[in-house]
Amino acid sequence: MANEHTLIVETSPPIQFTVADGTGIEKGTALKVTDPMTAAAAAENDSVAGIAGAEKIANDGITKLKVYRSGIFKATAAGAITIGDALALSGSNTVKKAAAANVASDILGCALETAADGETFLYDLRPGFNNNAYA
């Protein structure tokens with residue numbers, strides 16, 4: 001998969017989220033959360049569930065998936081990002097600097113490195129993180 005989120009440091013174990021049986025999800029995919037505690041592949045500015053910790057094969061009968069809600073990950077930047085920036089999801093499984101329009105549930109985490117558009121960088125996965133840098 002292009003632009004996967006790669007786990008570099010595991011700071012806590014993944015937790016189980018419900019997923020649709022008919023949907024395939026690749027390991028390293030950014031996920032959105034829906035009610036009740038259900039995950040699916042995310043699009044730009046979706047509310048963040050976390051990062052898929054395993055592959056989910058479509059129609060395999062499995063409806064639970066390991067999802068990371070914390071850890072140090074490597075991802076691809078969509079636009080310029082500065083160390084310390086709050087981050088949000090962008091299209092194509094990439095990450096962008098969060099904007100004032102992003103609410104807390106949209107926040108993926110915090111940049112640990114500065115990155116140019118298309119460059120990979122490290123970030124701290126912390127859904128809902130708020131450092132007030134984006135407000």
Side-chain angles (χ1 to χ4, degrees):
M1 171 175 67
N3 302 324
E4 66 270 4
H5 295 242
T6 304
L7 179 66
I8 304 300
V9 178
E10 184 178 50
T11 58
S12 64
I15 60 174
Q16 298 288 322
F17 272 71
T18 299
V19 292
D21 176 41
T23 302
I25 300 171
E26 293 187 53
K27 182 178 179 179
T29 300
L31 302 171
K32 68 178 178 179
V33 63
T34 59
D35 192 38
M37 201 170 165
T38 301
E44 187 168 13
N45 296 324
D46 277 339
S47 294
V48 178
I51 304 299
E55 181 176 3
K56 162 66 178 91
I57 298 170
N59 301 312
D60 62 358
I62 296 172
T63 59
K64 295 291 182 182
L65 180 67
K66 296 188 316 183
V67 177
Y68 283 100
R69 301 260 313 154
S70 65
I72 308 300
F73 283 80
K74 182 185 282 190
T76 303
I81 293 173
T82 303
I83 189 169
D85 282 346
L87 304 171
L89 297 172
S90 190
S92 303
N93 212 37
T94 59
V95 177
K96 65 180 181 178
K97 178 180 177 177
N102 292 111
V103 295
S105 63
D106 297 345
I107 302 302
L108 177 69
C110 177
L112 296 176
E113 296 180 317
T114 296
D117 184 41
E119 186 177 12
T120 59
F121 71 104
L122 295 175
Y123 74 91
D124 186 4
L125 174 64
R126 291 195 274 165
F129 166 75
N130 181 351
N131 70 355
N132 294 320
Y134 62 95

Full working for side chain to side chain contact (heavy atoms under 4.5 Å, CB included) between Leu31 and Leu65: CA-CA 11 Å; Leu31 302 171; Leu65 180 67; 4.1 Å; yes
Asn3 side chain to Ala75 backbone, donor-acceptor under 3.5 Å: no
Lys96 versus Glu44, closest heavy-atom pair with distance: NZ-OE2, 2.7 Å
Student check: side-chain heavy atoms of Lys97 and Thr82 closer than 4.5 Å: no
Partner residues of Ser92 under the side-chain hydrogen bond (donor to acceptor under 3.5 Å, both in side chains) criterion, sequence neighbours left out: none
From CG (Asn45) to CG (Asn102), nearest 0.5 Å: 4.5 Å
Connected hydrophobic set around Leu125, excluding itself, where side chains approach under 4.5 Å: Leu7, Val48, Ile51, Tyr68, Phe73, Ile81, Leu87, Leu89, Val95, Leu108, Phe121, Tyr123
Heavy-atom pair with the smallest gap, counting every atom of Met37 and Gln16: CE-O, 3.5 Å
For Lys56, all residues meeting side-chain hydrogen bond (donor to acceptor under 3.5 Å, both in side chains), sequence neighbours excluded: Asp60
Spacing of Lys64 atom NZ and Thr18 atom OG1 [to the nearest 0.5 Å]: 3.0 Å
Thr38 side chain reached by Pro36 side chain, heavy atoms, under 4.5 Å: yes
Nearest non-hydrogen partners of Glu10 and Pro14, listed with the distance: OE2-CD, 3.6 Å
Pairwise distance CG(Asp85) to OG1(Thr114) - rounded to 0.5 angstrom: 7.5 Å
Those residues that, when tested against Leu122, pass side chain to side chain contact (heavy atoms under 4.5 Å, CB included) (two or more places apart): Ile8, Ile72, Lys74, Leu112, Glu113
Inter-residue atom distance Thr94.OG1 - His5.NE2, 0.5 Å rounding: 7.5 Å
N/O donor-acceptor pair under 3.5 Å between Asp106 side chain and Ala98 backbone: no
Donor-acceptor pair, side chain of Asp21 and main chain of Thr63, under 3.5 angstrom: no
Listed partners of Thr6 passing side-chain hydrogen bond (donor to acceptor under 3.5 Å, both in side chains), at least two apart: none
Side-chain donor/acceptor of Arg69 to backbone N/O of Arg126, under 3.5 Å: no
Considering all heavy atoms, the nearest Ser47-Ser105 contact: OG-OG, 3.1 Å
Least distance between heavy atoms, Ala77 atom then Ala116 atom: CB-O, 3.5 Å
Co-members of the apolar cluster containing Ile83 [side chain, <4.5 Å]: none
Gly22 versus Ala58, closest heavy-atom pair with distance: O-CB, 3.5 Å
